[in-house]
Number of protein chains: 2
Amino acid sequence: MKVQNKIRAETRFSSAEISNDVGLLLAKLHALSSNLNNRALAEFDLRERSFSVLTLACSGLEPTQRELAEFLSLDPSQIVSLVDELESRGLIERAAGKHDRRVKIVAATADGIGIHAKARAALQACEKAQLAALTENEAVQLKSLLGKALRGGEA
Amino acid sequence: MKVQNKIRAETRFSSAEISNDVGLLLAKLHALSSNLNNRALAEFDLRERSFSVLTLACSGLEPTQRELAEFLSLDPSQIVSLVDELESRGLIERAAGKHDRRVKIVAATADGIGIHAKARAALQACEKAQLAALTENEAVQLKSLLGKALRGGEA
DNA sequence: TATTGTTATACTCTATAACTATA
DNA sequence: TATAGTTATAGAGTATAACAATA
């Protein structure tokens, strides 16, 4: 069985110095998490990134594309593709900025809000399953530490 | 300044439900970590993945390619490319398995061991900088929680 | 001049499927 | 028939550079 082989390799190399690398741990957990999230979002024809954009578009906070790029740590040019795709599907709309005509404000349509609500529920169940090995307290702690490390790394 | 814009976006959207998504936190921290690690490894012409393979090849544990794939959560075909590249540079070597002629055992050359030691030192300094916002205790805790979540997710 | 969004390009990573040689 | 390694390919993610419209 594949899972057993994987566990065998895990234990056989557990003594290797690399087992405790933050980089490797992050890469593995991120890959696992992305995989599960994208599977959960597939029935809505969304992926992690398009879901993130849709979520912000639903927030009522009137994000500009530049702000989306900064908040999601993506390049502005990547935001263009994501917004293009969601807009072509009628889930979000671009609106010209009121005070600055260069900016484009991204807001969800009624359709977008509906899809988002369903996708959100599916993702939450998925996240819960991902952190099943942790207690409620540990899950909160993990999020807090990730957030703290992140804020430090940006400064 | 760019960092300030980023922080402005962070705070403006901090109330949005998505801010606390494990998936987003992992994606952002992983991206940041990979970026820094790859920059640190660039002077050795290594990347996170090739460094991981080289590290295991240096461990003396005689890993097969299949075991590398399982331990690193990569597809066997991806291991082929990584091993090809490191072998062509004379840093590692493939050896036929003793009991099973199908398997190939990957071991570092003297050159590989030398490069690895230098790269390892550079990476450790880099990791320390990445987790600078955390106390020593918090860093240990983060690694422990990542490992625990990971083991649960594989079962 | 500087910034927002856009287009374009090249490279890396991810996901599959099929093939070969051994077992 | 099953497994280890290999080859091939397509799609997603990452990193830059250049450009038009607006500030």
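Just so we're on the same page: letters track the sequence lines, and every chain starts at 1. Quantities reported herein were computed from a predicted structural model and do not represent experimental measurements.
Put simply, CD1 on Ile92(B) is 12 Å from P on dG5(D), counting in whole angstrom units. The distance from atom CG of Asp45(A) to atom P of dG11(D) is 15 Å, rounded to the nearest whole Å. As a whole-Å value, the separation of Leu68(A) CG from dG5(C) C1' is 12 Å. Atom CD of Gln78(A) and atom C1' of dT12(C) are 13 Å apart (whole Å). Distance His30(B) NE2 to dC13(C) P: 9 Å, rounded to the nearest Å. Spacing between atom CD1 of Ile79(B) and atom P of dG5(D) amounts to 10 Å, rounded to whole angstrom units. Per the geometry, CD belonging to Glu70(A) stands 7 Å off P belonging to dT4(C), to the nearest Å. Rounded to an integer number of Å, the gap from CG of Asn5(A) to P of dT3(D) is 8 Å.
Remark on DNA chain C: of its neighbouring residues Ala27(A) and Val83(A), the 5'-side contact belongs to Val83(A), judged by nearest-heavy-atom nucleotide.
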Could you give me the CA-CA distance, side-chain angles and deciding distance for Thr109(B) and Asp111(B), then say whether side-chain hydrogen bond (donor to acceptor under 3.5 Å, both in side chains) is met? CA-CA 5 Å; Thr109(B) 63; Asp111(B) 268 16; 5.4 Å; no
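Taking the six-membered ring where tryptophan is involved, the planes of Phe13(A) and Phe71(B) are perpendicular, since the angle between them exceeds 60° and thus also 30°.
Listed candidates were dA15(D), dA15(C), dT7(D). Nearest to the side chain of Asp84(B) is dT7(D). Checking dG5(D), dT6(C), dA15(D) against the side-chain heavy atoms of Asn35(B) singles out dA15(D) as nearest.
Using a cut-off of 4.0 Å between Lys/Arg side-chain N and Asp/Glu carboxylate O, Glu70(A) and Arg12(B) are scored as not salt-bridged. Looking at Asp84(A) and Arg94(A), a side-chain N of the basic residue comes within less than 4.0 Å of a carboxylate O on the acidic one, giving a salt bridge.
Atom CD1 of Ile115(B) sits about 12.5 Å away from atom CD1 of Ile92(B), to the nearest 0.5 Å.
Looking at heavy atoms from C-beta onward, Lys143(B) lies in side-chain contact with Val22(A) at the 4.5 angstrom threshold. In this structure, Ser34(A) and Arg47(A) have side chains that are not in contact, with every pair of non-hydrogen atoms separated by 4.5 Å or more.
Ser34(A) comes within contact range of no nucleotide atom at all, as no heavy-atom separation falls under 4.0 Å.
Residue Arg66(A) has a polar side-chain atom (N or O) positioned under 4.0 Å from OP1 or OP2 of dG5(C).
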Within the sub-3.5 Å range, which N or O atoms of nucleotides 17-23 of chain C have a protein N or O partner, and how far apart are they?
from	atom 1	to	atom 2	distance (Å)
dA23(C)	OP1	Arg101(B)	N	3.0

